Amino acid sequence: MELYKTNQLKIYNSLSKTKEDFKPIVEGNVGMYVCGPTVYSNVHLGNVRTFMSFDLVFRYLKHLGYKVRYVRNITDAGHLENDADEGEDRIAKKARLEQIEPMEIVQRYTVDFHQTLQTINNLPPSIEPTATGHIVEQIEIIKDILEKGLAYEINGSVYFDVLKYNETEHYGILSGRNIEDSIHNTRELDGQSEKKNPQDFALWKKADERHIMRWPSPWGVGFPGWHLECTAMSTKYLGETFDIHGGGLDLKFPHHECEIAQSKVKNNVKPVNYWMHANMLILNGQKMAKSTGNYILPNEIFSGENTILSKAFTPSATRFFMLQAHYRSVLDFTGAGLEASERGFIKMMEAFNKLDSVATSQTSSLNISDWKQKCYDSLNDDFNSPILIANLFEAAKYVNLLVDKKETITQLDLNEFKTTIHSFVYDVLGLQNDLQSDSSEKIAGVVEMLIKMRNKARDNKNWALSDEIRDELASLGIQLKDGKDGTTFSVN
RNA sequence: GGCGUCGUGGCCGAGUGGCUAGGCUGGGCUCUGCAAAAGCUCCUACAGCGGUUCGAAUCCGCUCGAUGCCUCCA
């Protein structure tokens, strides 16, 4: 039987601002859409956190036995720099600055995006559509909205009529805004006189002569607006109403609000059942962002080449650091925090690596099924990974005590214990065991030999020699640990 | 200015009416030739001020502070 039948998952829905029981539209199947990156520069750690949060969601849903279609787009048409801009988007601008084709920019940073997410061990989505690959679909949606009178055309551009929409619907339903408030509080921007109201947003923008990325349309040559691609691609691959829509908290307004409006007009149904928003990663007390220069790149962490960290950290340690905070909490990135997480992570993995050497007994001193249920309970409660990790630390301690023969476990329980740990650590949390990878069997053999020699020296009470062996190995990063049943070692 | 979120022990971070996570750091102990590792243990907190309640870190109000969105953003 599928696990989801016995595990009622609760998801915090940004739309209702409450945790709700998760019930997919079609039993056993989940459609999930997550807003992907605009590929005009390298993804920074803040971007990675969001995608890793939804990777956890994806992995856990799959673990529960759901068949998941996970769609995450690549925004390769660029967004406008701002309203006042003469139709220049970020990708086109970068292409002009670097004197290359816009699609070279797209290619370069799409590759970087994929490599980075793979390095941190995110699973690829089921479908990864691009904005430029769905121009036709976007034009069709615009036509439909125009026909329904909720959009208007001016000088080759088409805008969504937010005020008219708000007469029958609530523009601001997701972000908790009222259109009346924003009318009085919108900052004045220059050069936007073309729109009827400042709140209106573009569905199609006319391309001027300089604009490189351009497509023909019923309204002339141009390119799609900022928010349309997600509506086009999510409904195309997941249907008019689908289960989960995710994205960074900073996309809640206006991006997701606009998506709701467009989709509601087009299909006249509620587009999404569960809205999920991942919170921001902050650095130096501020949100990480490309535009402000306040960011750190994942590769800078893995290589140690940066000014904030004292050393390099593995992708798994970095992932573990982020998983120790809940996805809806702001997480503060610091070198000290990462170091503390790494220490804990190494300890935990060292304990789990000893699982194979555990001896079994007639009874178990820990109730394995209770412990296992606590693990499930933690993730069932809106993907509470910090609680899951706390439970895993409890398991690690138990393993250490088992090795010391201070606790007991039956063979049957040990099998279930191992399977559960493996599932949660590797499959669900997506962590990797990078402790053993660089200790090849040959090195292990050499170290075992040195341990034997050292034991002889110890038997002869030749402490000088035994300590020399230990200290020399330590300086090479190999640590000896004398236990009751002999000496073991670990490679740092 | 508008709409939000948050303020937890030395640090990071869960919890969100009574059962008071977890990790890192520091002190003590056990084990050990010494050390390391491991285990045990100690330092026991909820910004401030009021209120509701038998009982509040958790609910309500105010104050202070931080931060997100309101312009592209994960």
Side-chain angles (χ1 to χ4, degrees), chain A residues 17 34-38 40 43-54 75 78-85 89-90 172 175-178 180-187 189 192 198-199 226 246-255 257 277-282 285-292 320-321 324-326 328-334 336-345 347-348 350-351 354 374 378 381 384-394 397 399-401 403-404 406-407 458 461 463 466-467 470-471 474 479-484 487-490:
Chain A
K17 293 186 167 60
V34 172
C35 292
T38 304
Y40 71 96
V43 280
H44 62 250
L45 196 65
N47 302 118
V48 169
R49 185 193 181 199
T50 295
F51 299 124
M52 194 207 67
S53 297
F54 289 105
T75 297
H79 292 180
L80 292 183
E81 280 280 282
N82 59 54
D83 263 1
D85 204 292
D89 71 44
R90 295 191 155 213
S175 55
R177 287 157 207 268
N178 290 311
E180 291 79 15
D181 294 336
S182 58
I183 288 170
H184 298 300
N185 290 297
T186 302
R187 289 188 214 160
L189 293 169
Q192 58 178 18
Q199 289 73 31
W226 316 274
L249 194 60
D250 50 355
L251 295 185
K252 203 173 185 181
F253 187 92
H255 184 60
E257 206 70 72
H277 289 97
N279 216 321
M280 299 292 103
L281 185 68
I282 64 170
Q286 308 273 184
K287 172 187 167 185
M288 238 181 241
K290 293 167 196 163
S291 54
T292 56
F320 189 75
F321 165 75
Q324 275 191 299
H326 187 88
R328 281 193 289 116
S329 295
V330 172
L331 175 62
D332 188 13
F333 180 86
T334 61
L338 187 53
E339 270 177 50
S341 281
E342 186 195 42
R343 288 211 179 99
F345 176 60
K347 274 191 188 179
M348 194 179 89
E350 277 181 349
K354 288 188 273 188
K374 280 199 291 179
S378 61
D381 184 18
N384 199 324
S385 55
I387 298 284
L388 172 62
I389 289 172
N391 288 325
L392 289 174
F393 272 112
E394 191 190 319
K397 189 183 198 174
V399 172
N400 283 325
L401 288 168
V403 171
D404 283 355
K406 287 174 182 163
E407 298 277 0
R458 293 173 76 202
K461 303 217 186 295
W463 308 126
S466 72
D467 287 356
R470 181 184 64 199
D471 297 342
Q479 195 171 46
L480 298 187
K481 299 164 186 176
D482 294 336
K484 273 183 182 169
T487 304
T488 57
F489 71 96
S490 65

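Since the model is a prediction, treat every value here as computed from it, not as a measurement. Quick note on labels: first sequence line is chain A, next is B, and so on, each numbered from 1.
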Protein N or O to nucleotides 21-32 of chain B N or O, pairs below 3.5 Å:
residue	atom	partner	partner atom	Å
C24(B)	OP1	K347(A)	NZ	3.2

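With a 3.5 Å ceiling on both atom-pair distances, the Watson-Crick or G-U wobble partner of U30(B) is A38(B). Nucleotide G22(B): paired with C12(B) (Watson-Crick or G-U wobble, both distances less than 3.5 Å). With both pairing distances under 3.5 Å, A74(B) is matched to nothing as a Watson-Crick or G-U wobble pair. Pair assignment for C69(B): G2(B), on the basis of Watson-Crick or G-U wobble contacts that are both within less than 3.5 Å. With a cut-off of 3.5 Å on both Watson-Crick or G-U wobble distances, the partner of A47(B) is given as U63(B).
For I282(A) and U5(B), the CD1 to C1' distance is 12 Å, given to the nearest whole Å. Across the protein-nucleic acid pair, D381(A) atom CG and U16(B) atom P stand 7 Å apart, rounded to whole Å. Going from atom CG of L281(A) over to atom P of A74(B) covers 14 Å, rounded to whole Å. A straight line from CZ of F253(A) to C1' of C72(B) spans 14 Å, rounded to a whole angstrom. Remark: P of C69(B) and CG of N279(A) are 10 Å apart, rounded to the nearest angstrom. Atom CE in M288(A) sits roughly 15 Å away from atom P in U67(B) (whole-Å rounding). The separation between D482(A) atom CG and C34(B) atom P is 11 Å, rounded to whole Å. Atom CG of L401(A) and atom P of A38(B) are 11 Å apart (whole Å).
When distances are taken from the side chain of N400(A) to each of G39(B), A74(B), G13(B), the shortest belongs to G39(B). If you check G33(B), C69(B), A14(B) against the side chain of S466(A), the one that comes closest is G33(B).
Residue-nucleotide stacking is present for W463(A) and G33(B), judged by a side-chain ring centre under 5.5 Å from the six-membered base ring centre and planes under 30° apart.
Checking the phosphate oxygens (OP1, OP2) of G68(B), a side-chain nitrogen or oxygen of Q286(A) falls inside 4.0 Å. For S329(A) and A14(B), the shortest distance from a side-chain N or O to OP1 or OP2 is below 4.0 Å. For K17(A), no side-chain nitrogen or oxygen approaches OP1 or OP2 of U5(B) to under 4.0 Å. Phosphate proximity of A14(B) to N384(A): absent, as no side-chain N or O sits under 4.0 Å from OP1 or OP2.
Using modelled atom types, no side-chain atom of S329(A) and backbone atom of A325(A) make a donor-acceptor pair closer than 3.5 Å. The closest donor-acceptor contact from the side chain of N47(A) to the backbone of H44(A) lies under 3.5 Å.
A cation-pi arrangement is present between K290(A) and Y40(A) under the rule of less than 6.0 angstrom and at most 45 degrees off the ring axis.
For the atom pair I282(A) CD1 and L331(A) CG, the distance stands at 8.0 Å (nearest 0.5 Å). Separating the CD atom in Q479(A) from the CZ atom in R470(A) is a distance of 10.0 Å, to the nearest 0.5 Å.
Evaluation of the ring pair (Phe, Tyr, Trp, His ring centres under 6.0 Å) rule for F333(A) yields F321(A) as partners, not counting sequence neighbours.
Between Q286(A) and T292(A), every side-chain heavy-atom pair lies at or beyond the 4.5 Å cut-off. At least one side-chain heavy atom of K287(A) sits less than 4.5 Å from a side-chain heavy atom of D250(A).
Note on A325(A): only backbone sugar-phosphate atoms sit closer than 4.0 angstrom, heavy atoms only; bases stay farther off. No engagement by H277(A) is indicated, since no non-hydrogen atom pair under 4.0 Å with the nucleic acid exists. Using a 4.0 Å heavy-atom cutoff across all strands shown, G176(A) reaches sugar-phosphate atoms only and no base atom. Contacts of K287(A) with the nucleic acid, taken as non-hydrogen atoms under 4.0 Å apart, include base atoms. If you check every strand for non-hydrogen atoms under 4.0 Å, G172(A) touches nothing.
Between U52(B) and G17(B), the distance separating the two C1' atoms is 11 Å to the nearest Å. Comparing the C1' positions of A21(B) and A45(B) gives a spacing of 13 Å, expressed to the nearest Å. Taking atom C1' in both G68(B) and C62(B), the straight-line distance is 23 Å, to the nearest Å. Comparing the C1' positions of C29(B) and A37(B) gives an interatomic distance of 16 Å, to the nearest angstrom. A14(B) and A47(B) have their P atoms separated by 15 Å, with the value rounded to a whole Å. Distance noted for atom P between U8(B) and G13(B): 9 Å (whole Å). Taking atom P on both nucleotides, C59(B) is separated from G15(B) by 13 Å, rounded to a whole Å. Comparing the same atom, C1', in G9(B) and in U20(B) gives a spacing of 13 Å after rounding to whole Å.
Interface remark: the R177(A) side chain does form a donor-acceptor pair with the C69(B) base, using a distance-only criterion of under 3.5 Å. The base of A36(B) is not paired with the side chain of R470(A) by any donor and acceptor separated by under 3.5 Å.
In terms of position on RNA chain B, the residue among N178(A) and D467(A) whose nearest nucleotide sits closer to the 5' end is N178(A).
Donor-acceptor pairing under 3.5 Å is recorded for the side chains of T487(A) and D482(A).
Residues K481(A) and S490(A) share a closest heavy-atom pair of NZ-OG, 3.2 Å.
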